[in-house]
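Just so it is clear: chains get the letters A, B, ... in the order the sequence lines come, proteins before strands, and each one is counted from 1. As the structure is a computational prediction, the values presented were derived from the model and not from experiment.
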Amino acid sequence: MSRIKRLYNWFEMRLQLEGPVKDAALHPVPRNTASWWYVFGSAATTLLMLQIVTGILLGLVYVASGSEAWKTLDELNHQLYLGWFLRAMHGWGSNFMVAVVLVHMAQVFTFGAYKFPRELTWILGVFMLLMTLGMAFTGQVLRFDQDAYWGLGIGASIMSRVPVIGGALVDLLLGGPIIGGATLSRFFALHVFVIPGTLLLFTAVHIWMVLKLGINDWPMPGRVVRRNTYLQEYHELSHKDGVPFVPDALWKDLFFSAAILAAVAVCAFVFGPYGPGGQPDPTIIQTAPKPDFFFLWLYAVLSYLPPSLETPFVLIAPVIGICILLALPLVAGEGEKSWHRRPVAILVLVTVAVSWGIFTHLATFTPWSPIMDAWSGDPVPPKLIHDASPLVRQGAVVFQAKQCRNCHAVGGSGGMRGPALDTVAVRLTEDQLIRQVLQGGGNMPAYGKNLSPPEVTALVRFLETLKPDGQPPAIDATHQEQKAQNAAPQQ
Amino acid sequence: MSEEKPLTRRWLLLAVGAAFNGIVGVALAVPVVGYLLSPIRKKSAYSQWISLGSLSQFPEGQTRLADFVNPFKKPQDGETAKTPCWVRRLSADKFQVFAINCAHLGCPVRWFPQSELFMCPCHGGVYYANGDRASGPPERGLFTYDYKLVSGELHINAGQMPTLADQAKLVTIDGKGKSPCLG
Ligand code: FES
């Protein structure tokens, strides 16, 4: 015992860490902040550590070269002991980290923690969120597969829309004229050196400020933050009715961190590593690239924006969004913290969360993407042409052969880019069908040049049979009227 | 600068030392900026005439997938040095060579000879056989490469990934000569 003590003293005499560590550990925090709501920041830090450790372990094998990267990932997955598990831990760790960071942000926003004197803590946090997302994106590139390749193409195409310097930005992003080895090398440098280095530094400062300024007090309606009184009030709160950070608050942090780590491990074990998908060979064009989970919402937004709004949105909206986040504590640095008294803030948070959820959900089944092999893979359901005339059957053949199916579903299969056609005959008359086929419109190309007149006739005959039993087909009201008028004098 | 504090010799030396560090730092850093910016080149520096092979691979009236190896290939590029493109042969000596990259966000477009359309798997952009925009989010038709016929082979001027930034220039350059809508 005394030998350990002596060893401890030997180090302590030289390091002199006991004082500051005790101060940090035992500093009083307001009693009700020792809450399960306050555990997300420490969990994010734990996940960052996990990412560093697993990242280094993967770095022992991974080769950041366009010609080798995919092979080393494959080797990790299939040949090295536990290689697959470490890749899975790193991949799932990344998912959990983004999620926990977002939850942490939503929590401190809801609790008004960005207000005086913690403005800078929030601002640093915004940059840390951006770096976390940057890690997720660059990490996806290092998994150098088809999705990474075409994902870089999308990134470069977005960059190219920046006025004036777009071309230069593309060159900088790619590190040369094409997506290739140079691109992977620079993303490796970002993912392994630049971003994590900065992120660690910011994390240290972020935590330093939490220790120095104290954890945000539990918001109470009516307890208003004012610059000239807050520090005094907080001091009273934490000293009169406070508890020491260790152990009263820290035990919850520890439990939650361990639970999160366990959850990552379970996901990694059950679901395994992410990819790599197909080899990054650009000549294999039978691919529909898709971003990783946390960028799915962006994929959805890009698909739904009208073309004219796209460039301004993609280039300006992120800048505005980031500026709003950065300016928030400077503009709203005082006032009520309680969510009971901040309906607008809570409404904004809920709106953002719900729209994010909806866009992400949509992007999981990409209704805007044609299904490129539906025309050859999904036959017309037999019951649709069971008693059909030869002409209608011919129309069904045209319908398949001309790739209509890639965008239009019938019988529940096929693309969703255009409307499903199961009831199209109820909605469109013969004339309207012909016009739509020949001239296109909306999101449909004009097929006028690509179909012969007999093909159009057959196709439209087929489409006219697509209606539920017992429902009348669409009729042209003016037509009927004219017919009636023409018929009337004769009778 | 230091009106409150008297300027001692030591402070002066400190200031000179700091300035000295600054000068050396800047002298070292400025060329490094050049290193960082070195990938930025003119389009012409990134393109070169490349052969797509014999004309006989491209039957008249059809559109075929071809590929070429990037002229600036490096060993670490691996498979990514290859680039596919669509070659449409209109007549014996009339061609259109389309980039594989959708003019929207660069996904690989696929040609469907049955309906004579290019479709993009990402957001449903569609183009006609002559590369014109048909529908969906793209703002313009497919990007094209300049081509020439050299002793029975089809050559294209390529080397850089086509995006709106470098292709916009291309369109203005050959806007007067070759119409992008030959079909
Ligand atoms: S990339 Fe082709 S439609 Fe978006």
For chain A, which candidate among [options] shows the most heavy-atom pairs at distances under 4.5 Å?
options	value
B/Gly78, B/Gly106, B/Pro108	B/Pro108
B/Pro137, B/Ala81, B/Pro138, B/Ala134	B/Pro137
B/Asn101, B/Val109, B/Asn70	B/Asn70
B/Gly124, B/Pro75, B/Cys120	B/Gly124

Region of [X] that comes under 4.5 Å of a non-hydrogen atom in chain A:
X	answer
B/Leu36	backbone
B/Glu139	side chain
B/Tyr127	neither
B/Ala129	neither

Q | Full working for salt bridge (Lys or Arg N to Asp or Glu O under 4.0 Å) between B/Lys82 and A/Asp281 | A | CA-CA 7 Å; B/Lys82 292 189 278 183; A/Asp281 180 344; 3.2 Å; yes

**Q.** Whether over 12 other heavy atoms sit under 6.0 Å from A/Phe365 CZ
**A.**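 Enclosed.
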
Q: Return yes when atom CH2 of B/Trp111 has more than 12 non-hydrogen atoms of other residues, nucleotides or ligands closer than 6.0 Å, and no otherwise.
A: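 Enclosed.
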
Rounded to the nearest 0.5 Å, what separates atom [atom1] in [X] from atom [atom2] in [Y]?
X	Y	atom1	atom2	result
B/Ser135	A/Met444	OG	CE	8.5 Å
B/His104	A/Ile154	NE2	CD1	9.0 Å
B/Lys73	A/Ile178	NZ	CD1	9.0 Å
B/Gln114	A/Ser376	CD	OG	8.5 Å
B/Cys122	A/Tyr299	SG	OH	5.0 Å

With a 4.5 angstrom heavy-atom cut-off, is it the side chain or the backbone of [X] that approaches chain B, or both, or neither?
X	answer
A/Trp150	side chain
A/Trp70	neither
A/Ile371	neither
A/Glu310	side chain
A/Gln286	both
A/Thr283	both

When heavy-atom pairs shorter than 4.5 Å are enumerated against chain B, which of [options] gives the highest number?
options	answer
A/Gly175, A/Ser160, A/Gly181	A/Ser160
A/Gly176, A/Gly418, A/Ser308, A/Gly166	A/Gly176
A/Gly415, A/Ser65, A/Pro282, A/Gly153	A/Pro282
A/Lys290, A/Gln279, A/Met159	A/Gln279
A/Cys404, A/Ala168, A/Ala182	A/Ala168
A/Met372, A/Arg417, A/Lys402	A/Met372

Q: For the residue pair A/Ser67 and B/Gln76, confirm or rule out a side-chain donor-acceptor distance under 3.5 Å.
A: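 The criterion, which ignores hydrogens and geometry beyond distance, is not satisfied for B/Gln76 and A/Ser67.
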
Is there a side-chain contact between [X] and [Y] in this structure, where contact means two heavy atoms from C-beta onward sitting under 4.5 Å apart?
X	Y	value
B/Thr80	A/Phe144	yes
B/Pro121	A/Pro370	no
A/Tyr447	B/Leu117	yes
B/Leu105	A/Arg161	yes
B/Met119	A/Asn406	yes
A/Ile285	B/Trp86	yes
A/Arg186	B/Pro39	yes

(Q) For A/Tyr304 and B/His123, I'd like to know if the aromatic rings sit close, meaning centre-to-centre distance below 6.0 Å. (A)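 Centroid separation for A/Tyr304 and B/His123: 6.0 Å or greater.
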
Q: State, to 0.1 Å, how close A/Thr287 and B/Arg110 come at their nearest heavy-atom pair, and which atoms those are.
A: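 Smallest interatomic distance, heavy atoms only, reads N-NH2, 3.5 Å.
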
Q | disulfide bond (SG atoms under 2.5 Å apart) partners of B/Cys102, counting only residues at least two apart | A |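 Listed in chain order: nothing, the list is empty.
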
Q. Short question: side chain of B/Gln160, backbone of A/Pro177 - any donor-acceptor pair under 3.5 Å?
A.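 Not a single qualifying donor-acceptor pair exists.
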
**Q.** Under 3.5 Å: donor-acceptor pair, side chain of B/Asp77, backbone of A/Gly180
**A.**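 No; zero donor-acceptor contacts below 3.5 Å.
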
Q.
So if I apply the side chain to side chain contact (heavy atoms under 4.5 Å, CB included) rule between B/Met161 and each of A/Val170, A/Asp171, A/Ile179, which one comes out positive?
A.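 It is A/Ile179; the other options fail the test.
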
